[in-house]
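Throughout, a chain's letter reflects where its sequence line sits, starting with A, and its residues are numbered from 1.
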Amino acid sequence: MGDLQRSHTCGELRKGDVGKSVVLMGWVHRRRNLGGLLFIDLRDRYGLTQIVFRPDADEAIFERGGHLGAEFVVGVTGEVVERPAGTTNPELPTGEIDVHVSDLKVLNASLTPPFVLEEPIKASDELRLEYRYLDLRRPHMQRLIEARHKAAAATRTYLNGAGFLEIETPMLAKKTPEGARDFIVPSRMHPGKVYALPQSPQLYKQILMVAGCDRYYQIARCLRDEDLRADRQPEHTQIDTEMSFVTEDEIFEVAEGLMVEIWRAVRGDEIETPFPRLTYGEAMERYGSDKPDTRFGTEIVDLTDLLGGTDFNVFRSVIESGGAVKCLNAAGCGGWSRSEIDKKEELAKKWGAKGLAWTKVDGGALAGGIGKFFSDDERAAVIERAAAADGDLLLFVAHDRKKASRILGKLRLVLRDELDLVQPGVFNFVWITEFPLFAWNEESEGWEAEHHMFSMPRAQDLDLLESDPGKVLGQLYDLVVNGFEIASGSIRIHRRDIQERVMAVVGMSKEDAERKFGFLLKALDYGAPPHGGLAHGGLAPGLDRIVMLLMDEDSIRDTIAFPKTYRGLSLMDGSPSEAEPAVLKELGIELVKPPDDDVPGQSSG
RNA sequence: GGGGUCGUAGUUCAGUUUGGUUAGAACGCCGGCCUGUCACGCCGGAGGUCGCGAGUUCGAGUCUCGUCGGCCCCGCCA
């Protein structure tokens, strides 16, 4: 750049700067060549400034300006000039001034970009990912990157202030025995053995508590070799915390304070604390989900006790066999056509319902569908319980308790989207507490940990561990926003005896436990303090998802600077790529290739 | 592992239902004109292995099968 030094950014100059001599550097965004006058929007991370080339000022500079292409990088020297009356641009913060160019330096030329950098972007995801450095130049992407930075910075400031230590845990770790598939790293020095990239710092952070670190956090990368989704990447970032000598209430308080700081830093919003709490049981009953969207009502109501003696055989037989009849009031949907209702039934069946019964509320009576099967008393009771009014549509599912709730819970979200039941920019936080510790896995016909096997059972449920694992509730909790789980945590088990009993429930032998978690159990033996914590992660990609919610994005992909595609490819650098035979030989491993010689990602398409 | 959807100028798409002359549009790009534009405008031009492969057919962008890739869902994700 020689002696040229940037004096201002492209988002900075205002009317008050008129008369200053400035040096701007940036990319050629748009060009408007009027023949005898040339306008260029110069762009950098901070904004756009219109620079003007005039032949009467310097014929040679004017001529060179005319040859600038899109995305050329230039440095210009010039004078800040107030725009003539009627030519200001109110859309732009810098729209009241121009910079009249007196000197031009091309810092680098650019090929014509493969797509136009515009908002909203029209290029395909594929192309955007291949040319990620161009896509990231767009203001929208710059805002996302900045938002993520602000969230991370607020996290550090807040947790530092609360006495937490930021501690890094290994990226080369021990293979995780359960859960998601690991990414494996072979060891050159120990042929035949592998490290695993960590799925989370869980075990290390517990050991840090044993080590007396008391309060730990890490903005931690977590890696899982599982299939992707719009909100799932093979590597994601979680805000990982752990505290010694804490109660659930203290953990909630810290997490709530953190959310306040993040929302304030990124959106400037003030969110209210403490967050309401719902037990898992309540959430399932009322919303049919353990991550309820509490921005709108339309709660599920249980009619089982009202309809035990109903003439409607379908309901009565389900109730007699121990099932439940539940109902969702689709308020104002009484005008729905039969085919609209049929579509909802199709959905319900896809989710496992036998059918979707319905009736409409009309003049205080139940009209259509199964309305005619109800007695007068039943009708009145149902209308009251469902808080139904004229013009409403009642939807019923009869099934076992949990399934009926889950199906209506999903239907509830369909109603939300179709009926526009939520306002943008509203954030409803809710704690879900008292999760069951174990879930029955139909396939393996065994108990498995609902969250992970290091969560402490409630004290009053300890005796049920062996006799009735399904009834054991854990000191386990999730933080949910607008139907998204953004954090999950627990009080951990800090005693070997309880840890071994929990492992036994999920069918892990003592030997197995010793081999896989021996190092943790050993650590527990040496004065492990009671501790617990929270990962703004869990199943959900934590920081990525928080930024997605904060910025109203549909996918976490653009909250990450360099994401993978749906099939786990990096289109920009072409990873994963083939390993050289010499490298593999040194590692003592051999890769088995697919039968045909096709190399994924190498087609000419 | 299963399912859905898309793939056509540099880009975004139309054309595929019903196979048939030279595959269109917009933006971008190139050239010309233009001294207050800001999605500048006007005139002209170049630009295509219809993802790839095989098949059916006199003839395939269009139909069939396979394959690669993007997006989305189920499974999976302690």
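- OP1 or OP2 of C74(B) sits under 4.0 Å from a side-chain N or O of R229(A).
- Checked by atom type, the side-chain pair D227(A)/Y566(A) shows no donor-acceptor distance below 3.5 Å.
- Taking only side-chain nitrogens and oxygens, S124(A) comes nearer than 4.0 Å to OP1 or OP2 of U12(B).
- Between the side chain of R128(A) and the base of G70(B), no donor-acceptor pair under 3.5 Å is found.
- One C1' atom belongs to C50(B), the other to U11(B), and the distance between them is 16 Å to the nearest Å.
- Comparing G48(B) with G24(B), their C1' atoms sit 12 Å apart, to the nearest whole Å.
- Residue side chain F39(A) meets the stacking definition with respect to U37(B): its ring centre sits within less than 5.5 angstrom of the base's six-membered ring centre, and the planes differ by less than 30 degrees.
- At a cut-off of 3.5 angstrom, counting only N and O atoms as typed in the model, there is a donor on one side and an acceptor on the other between the side-chain of R232(A) and the base of C77(B).
- The two atoms that bring P563(A) and I560(A) nearest to each other are CD-O, 3.4 Å, heavy atoms only.
- Remark: the R32(A) side chain and the U35(B) base include no donor-acceptor N/O pair separated by less than 3.5 Å.
- Taking atom P in both G19(B) and G61(B), one finds a spacing of 14 Å when rounded to whole Å.
- No engagement by E118(A) is indicated, since no non-hydrogen atom pair under 4.0 Å with the nucleic acid exists.
- If H100(A) and A230(A) are placed on RNA chain B by their nearest nucleotide, the residue sitting closer to the 5' end is H100(A).
- With hydrogens and angles left out, the side chain of D125(A) and the base of C71(B) share no donor-acceptor pair within 3.5 Å.
- Residue contacts for R31(A): at a heavy-atom cut-off of 4.0 Å it reaches the sugar-phosphate backbone alone, with no base atom in range.
- Using a 4.0 Å heavy-atom distance criterion, D98(A) is classed as a base contact.
- Nearer to the 5' terminus of RNA chain B, by closest-nucleotide assignment, is the contact made by L37(A) (compared with the other of L37(A) and E448(A)).
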